Amino acid sequence: MTKPSDSGTGRAEPRRKRHHYLPESYLKAWADGNGQVAVRRRDQNVPFFTATHNVAVEADLYALPTDAGLDDALEVALSKIEAPLRGHLADLREGAKARRGTAVRTEISRLLALQLVRTPEHLDRFLFPLAAAEFTGERPISRDGMRRFLTDEYLGEPPAEPELQGALDFANYVLSQGEPTKREIFSILFRIADEELTPRLGAMAWAVEISPRHAFVTTDRPVAVWRRDPHSLKRMGAGLESADEVRFPLGPHHLLVLRPRFPEHRTVVEPDRVAGVNRHLAAACYEMVIGRPAERADLERFKLRRVRPAMRFNTGPLFETDPSGGSVPTGREILHMYVPYDDEVDTG
């Protein structure tokens, strides 16, 4: 699979302004006969129906500034790269096996890795210092200004003092060094997807779970990490390297599950399993949960916090290991940044 390119193409077509960070071809698996899906946003308790082309779309998300104005070449390249996804997902639903080491397995792994990094959530992690500076109108950002930003905009609640200090230290350091450009951010994200995430996903054990009657939902973070003991993740978060499962809904009745070790088989699952998967998918979403219009009531029952931060902060004492193997304080502090696990774990 070709890496996304941000170079100009010399095309004469009108510039694309509406950029989907979830492929519309993927969302259509949840659409009804009218081409609509049900969407539940974090800041709204009542789901609504809308066409797939209105879901997970953001104006100029992948547009890059040039001397001639905004360039949509990256959006065009992503559209071409994601084109095989629909066929691959249909094959997995119908029983095809993407065996470890095959070209198909590698291509699907790359598409999943790309989906992990191409969302507004990932971009927001890099743009946190700039967002805080724009909200407060300050450079450097004051302690009171950062407290207002975290409370009113980013967390939706007052921060604990260690988180406030961590966010302040991080933002002001980045601002003092000069924040990266959007082009540089996407270059970093796509390199991580290709060089780190793709091989890790491909090496895991892949299984497909089937639910003939009860539907899986999906979200704007459809590649979701799950841990068997999430309560050990307070102020830690979770990633692919520590996941017990990586879950990706293939459609309303099929779920791709990646595990460190497991038989690569297909299995029919019970309604309790579907309900548990859906609760975690919803609790780990960034802004929205998506399902079939017929399951609107199920979406309404999810308990979602109004805001899910893209990144959390913590400042605490730094320890070192002494000769006996014990931990001793150094008298210094360390900044820790992590991605929240889900709404059901107190990560703050």
Side-chain angles (χ1 to χ4, degrees), residues 1-7 19-29 56 62 73-119 121-123 185-210 216 218-227 238-251 253-267 277 281 284 339:
M1 186 180 75
T2 305
K3 291 183 182 180
S5 170
D6 58 15
S7 61
H19 299 176
H20 281 88
Y21 52 91
L22 271 184
E24 191 177 358
S25 61
Y26 170 70
L27 293 172
K28 285 181 178 178
Y62 305 118
L74 179 55
E75 160 66 10
V76 173
L78 287 169
S79 298
K80 293 178 180 178
I81 290 170
E82 72 192 24
L85 180 64
R86 185 175 185 178
H88 287 319
L89 301 191
D91 289 344
L92 290 173
R93 290 194 297 265
E94 293 168 7
K97 291 186 177 180
R99 297 186 184 278
R100 188 183 280 117
T102 62
V104 170
R105 174 87 152 229
T106 299
E107 183 167 40
I108 298 174
S109 297
R110 283 202 178 107
L111 290 168
L112 294 180
L114 185 61
Q115 187 57 58
L116 273 166
V117 304
R118 65 181 291 186
T119 62
E121 176 195 25
H122 270 75
L123 190 59
I185 291 171
F186 278 124
S187 178
I188 293 169
L189 291 176
F190 294 142
R191 185 171 64 250
I192 291 172
D194 194 58
E195 298 177 2
E196 299 180 21
L197 303 183
T198 295
R200 188 169 293 162
L201 290 166
M204 298 180 81
W206 291 23
V208 174
E209 297 184 356
I210 305 164
F216 292 107
T218 191
T219 76
D220 55 355
R221 298 179 76 238
V223 185
V225 170
W226 179 82
R227 283 284 296 270
L240 294 183
E241 67 282 352
S242 61
D244 291 305
E245 294 182 356
V246 177
R247 299 166 171 176
F248 177 68
L250 300 171
H253 298 293
H254 298 79
L255 177 75
L256 179 64
V257 184
L258 283 60
R259 299 179 176 94
R261 290 169 301 279
F262 200 78
E264 296 204 343
H265 62 194
R266 296 167 65 83
T267 182
V277 167
L281 288 170
V339 179

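The model shown is predicted, which means the values in this text are computed figures rather than measured ones. Counting from 1, the numbers follow the sequence of the chain as shown.
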Fit a plane to each ring of Phe190 and Phe186, take the angle between them on a 0 to 90° scale, and name the class: parallel (under 30°), tilted (30 to 60°) or perpendicular (over 60°).
parallel
Are the side chain of Arg266 and the backbone of Ile210 linked by a donor-acceptor contact shorter than 3.5 Å?
no
Looking at Ala193, is its backbone amide N or carbonyl O close enough to the side chain of Thr198 to form a donor-acceptor pair, meaning the two atoms are under 3.5 Å apart?
yes
Ignoring hydrogens and geometry, is there a side-chain-to-backbone donor-acceptor pair from Tyr62 to Arg118 under 3.5 Å?
yes
Where the side chain of Arg100 meets the backbone of Trp206, is there a donor-acceptor pair that is under 3.5 Å apart?
no
Nearest heavy-atom neighbours spanning Val225 and Leu240:
CG2-CD2, 4.1 Å
Using atom types as modelled and distance alone, determine if a side-chain donor or acceptor of Arg105 lies under 3.5 Å from a backbone N or O of Ala98.
yes
If we ignore hydrogens and angles and just use 3.5 Å, is the side chain of Arg247 paired with the main-chain N or O of Leu255 as donor and acceptor?
no
Only one of Gln115, Glu121, His122 passes side chain to side chain donor-acceptor pair (under 3.5 Å) with Arg221; say which it is.
Glu121
Taking all non-hydrogen atoms of both residues, which atom of Leu92 and which atom of Ile108 are closest, and how far apart?
CD1-CD1, 4.1 Å
Is a salt bridge present between Glu264 and Lys97, judged by a nitrogen-to-oxygen distance below 4.0 Å?
no
Hey, does the side chain of His88 reach the backbone of Val104 with a donor-acceptor pair shorter than 3.5 angstrom?
no
Pro249 to Tyr26 - nearest heavy-atom pair and separation
O-OH, 2.7 Å
His19 (side chain) donor-acceptor with Glu75 (main chain) under 3.5 angstrom
no
